[in-house]
**Q** 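Let me begin by handing over the structure; questions about it come next.
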Amino acid sequence: MLNPQQLAAVEHVDSPLLVLAGAGSGKTSVITQKIAHLVQRRKLAASRIAAITFTNKAAREMRERVGKLVSAEDAQALTVCTFHALGLKFLQMEHARAGLRRGFSVLDADDSEGIVKELAPKGIKPDVLFGLRNLLSRAKNSGLSPEEALAAARSPRELEAATIYQLYQQRLAIFNAVDFDDLIRLPLRILESDEECRDTWRERLRYLLVDEYQDTNDAQYRLLKVLTGERGSFTCVGDDDQSIYAWRGANPENIEQLGKDWPSLRVIKLEQNYRCGRRILRAANTLIANNPHLHTKKLWSEHPEGAPIRVIECKEAEHEAERIAGMAATLAEKHKVRWHDMAILYRGNFQARPVEKALRLARVPYHLTGALSFLDRAEVKDLLCYLRLLTNPSDDAAFLRVVNVPKREIGATTLEKLGQIAQTKHCSLLEATRSDSVLRQLSPRPAAALASFSDLLDEFRSASLHESAADLVDRVLTRTQYAAHIAASTQDVALRDRRLGNLRELADWFRAMQKGNSAGDLAAQLALLSHADRDEPGNALRMMTLHAAKGLEFRFVFIVGCEDGTLPNDAAIDEGRVEEERRLMYVGITRAKDLLTLSWSSKTKRYGEIHSNQPSRFLQELPQDDLHWEGKDPEADKEAVRETAESHMAKIAAMLAGP
């Protein structure tokens with residue numbers, strides 16, 4: 001069921017290929033069908049193919065879809081993963097070349113930030129610390145070593161970040177650990193410098209498919225280049241109009257670079273949209289035409305025109321939130337629209353609060369994407385740190401988190417002294433606790449507690465040789481009496497039950513991983529879980545930023561805050577980055593299948609002062625014949641306001657009446 005352009009993209013394998021896939025143009029079908037074509041028609045072994053995505057969720061979905069097209073054996077042999085998961089696989093196989101010991105740890109963002117904070121000047125402000133960590137990450141995403149980052153520093157702040165980078169990597173080496181950015185940087189350094197290793201991996205992976213190519217950073221592009229070499233056996237699928245991650249290192253110029261590095265590159269455009277009504281698509285095309293393009297494309301659709309795009313002017317953010325909540329409730333009550341078919345999108349997370357308040361008042365079930373992640377919850381991180389210590393006894397960050405959780409009468413003074421001794425002996429903190437000579441230098445009670453903790457971990461490690469990760473979670477909970485710890489530290493019964501439920505969910509996740517053979521040993525499962533996407537909202541209206549909405553679609557979409565200063569935001573206007581903000585608006589518009597509503601506030605309260613707003617310049621760039629500006633049709637406006645008010649009052653009455 002492929003259209004001619006999709007079919008051409010699937011069948012072309014004789015030279016490098018760039019597929020410019022517009023929003024809703026069926027790019028995932030092209031990738032999955034091409035994998036099947038390579039295996040079944042071109043007789044390429046499935047084990048020689050790698051499909052690279054940008055999220056674990058996308059990788060799981062792609063693997064499921066490919067599994068319906070090829071044999072179970074071939075589906076199992078395929079590599080379908082993120083860039084970082086591919087890097088992890090490489091390092092697990094080539095750990096010695098990277099200077100790592102088997103069973104190394106992958107630090108999460110909190111662990112990494114904690115080390116940077118420890119290395120930074122004392123009393124550093126949080127925003128300065130964030131800036132240093134960001135500069136360090138950018139250096140890694142550019143593929144720079146600490147020495148290269150130091151040589152490239154052009155300002156005192158960059159010099160400070162590069163200096164910390166050197167110390168940071170020394171600390172990671174002691175811990176036998178890497179951070180998330182190293183999963184790309186280290187494989188890249190090895191492949192670019194080691195010809196034998198490079199030839200081995202080029203033979204191992206004969207064909208690469210890269211999804212969301214416009215989101216690649218410099219290091220990821222170099223990794224693609226070094227893995228495919230001059231033959232260029234790859235298909236890159238992306239959309240320059242949806243490049244919205246420059247702020248985290250993505251380089252949209254990588255699209256242009258492909259043609260420079262591979263002159264034989266073929267470009268195929270997917271322009272038929274299978275998602276949006278023609279009116280919505282026309283608005284998106286007209287908006288994005290204001291940006292410069294290396295490869296122009298114009299999306300088209302066979303869907304009906306659809307309703308006019310509604311533009312609503314509100315008094316301020318609270319009024320805007322009430323209007324949108326009322327409209328969502330009306331769609332559900334009068335038109336029987338399911339909650340999960342609706343989404344409210346915004347530029348920044350700060351805009352969520354008034355919307356949440358209005359939705360709660362209107363009794364609209366909602367799910368807030370970007371709220372506290374499952375993996376960021378204290379009890380989940382504690383249990384994961386216990387497991388991390390089983391795979392890597394040198395993981396000092398994990399040791400420090402759980403050595404006194406639950407309480408074991410091990411204070412900060414004891415840990416500081418233990419750290420000094422471990423540094424002198426060039427060993428990890430856990431290894432130091434196994435030395436009688438070390439323990440004799442500490443006070444008797446904490447020394448005994450540390451010895452007991454070490455014995456407990458030895459018990460867990462022995463059990464890990466024959467128990468699954470899910471069973472280990474249960475064992476850790478039982479032996480540490482973690483449930484009693486939660487009960488003692490959580491007075492609220494409902495919260496206590498939720499925290500215990502989170503731990504059960506963690507065990508269930510490991511069981512699902514084991515059942516699906518998604519990962520091998522415990523270390524691999526932990527690394528994947530650390531960066532997994534866990535977002536199962538059920539039947540609820542979705543609330544999220546425009547960035548988070550990329551790749552999703554909904555029947556009814558509300559974009560709030562469509563005023564200059566918010567979308568585009570002030571910083572982008574001041575710094576001349578309006579083109580990326582326009583792409584962000586384009587992404588938001590093309591999430592809508594049936595109905596799109598754009599709202600803005602004429603007044604905004606900032607730092608205690610009231611400011612007047614102007615509608616977003618992007619609203620003026622849309623085709624005005626396809627918009628319905630509230631106020632131009634009084635009768636239609638009156639009916640819409642009446643429906644919203646009736647719904648709002650009914651919800652308030654129900655709330656006052658009680659359950």
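Just so we're clear, the structure is a prediction, and the values are computed from it rather than from any experiment.
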**Q** Checking side chain to side chain contact (heavy atoms under 4.5 Å, CB included) for the pair L472/Y386: CA distance, chi angles, key distance, verdict?
**A** CA-CA 10 Å; L472 281 174; Y386 272 105; over 6 Å; no

**Q** Between D240 and K297, does any side-chain N to carboxylate O distance fall below 4.0 Å?
**A** yes

**Q** Hydrogens and angles aside, do R133 and S112 bring a side-chain donor and acceptor to less than 3.5 Å of each other?
**A** yes

**Q** How about C197 and E94: do any of their side-chain heavy atoms sit closer than 4.5 Å?
**A** yes

**Q** Closer than 4.0 angstrom, basic N to acidic O: yes or no for R48 and E203?
**A** yes

**Q** Under a 4.0 Å threshold between the charged nitrogen and the carboxylate oxygen, would R583 count as salt-bridged to D241?
**A** no

**Q** Should the pair E575-R577 be classified as a salt bridge under the 4.0 Å nitrogen-to-oxygen rule?
**A** yes

**Q** Checking Y168 now: which residues fulfil ring-ring contact (aromatic ring centres under 6.0 Å, His included) with it, not counting sequence neighbours?
**A** none

**Q** Salt bridge check: are K260 and E256 linked by an N-O gap of less than 4.0 Å?
**A** yes

**Q** Is it true that the side chains of S394 and R101 contain a donor and an acceptor less than 3.5 Å apart?
**A** yes

**Q** If only side-chain N and O atoms count, and only distance matters, is there a donor-acceptor pair under 3.5 Å linking R198 with S193?
**A** no

**Q** Taking the six-membered ring for Trp and the full ring for Phe, Tyr or His, determine whether the centres of H547 and Y245 are under 6.0 Å apart.
**A** yes

**Q** Are the charged groups of E11 and R41 less than 4.0 angstrom apart, N to O?
**A** no

**Q** Could you walk me through whether L224 and F234 pass the side chain to side chain contact (heavy atoms under 4.5 Å, CB included) check?
**A** CA-CA 9 Å; L224 167 70; F234 65 77; 4.2 Å; yes

**Q** Verify whether one side chain among S145 and Y165 offers a donor that lies under 3.5 Å from an acceptor in the other.
**A** no

**Q** Identify which one of L91, I52, L183 satisfies the side chain to side chain contact (heavy atoms under 4.5 Å, CB included) criterion when paired with L86.
**A** I52

**Q** Hey, are R266 and D14 close enough for a salt bridge, meaning a charged N less than 4.0 Å from a carboxylate O?
**A** no

**Q** Answer with yes or no whether the side chains of S137 and N134 bring together a donor and an acceptor at under 3.5 Å.
**A** no

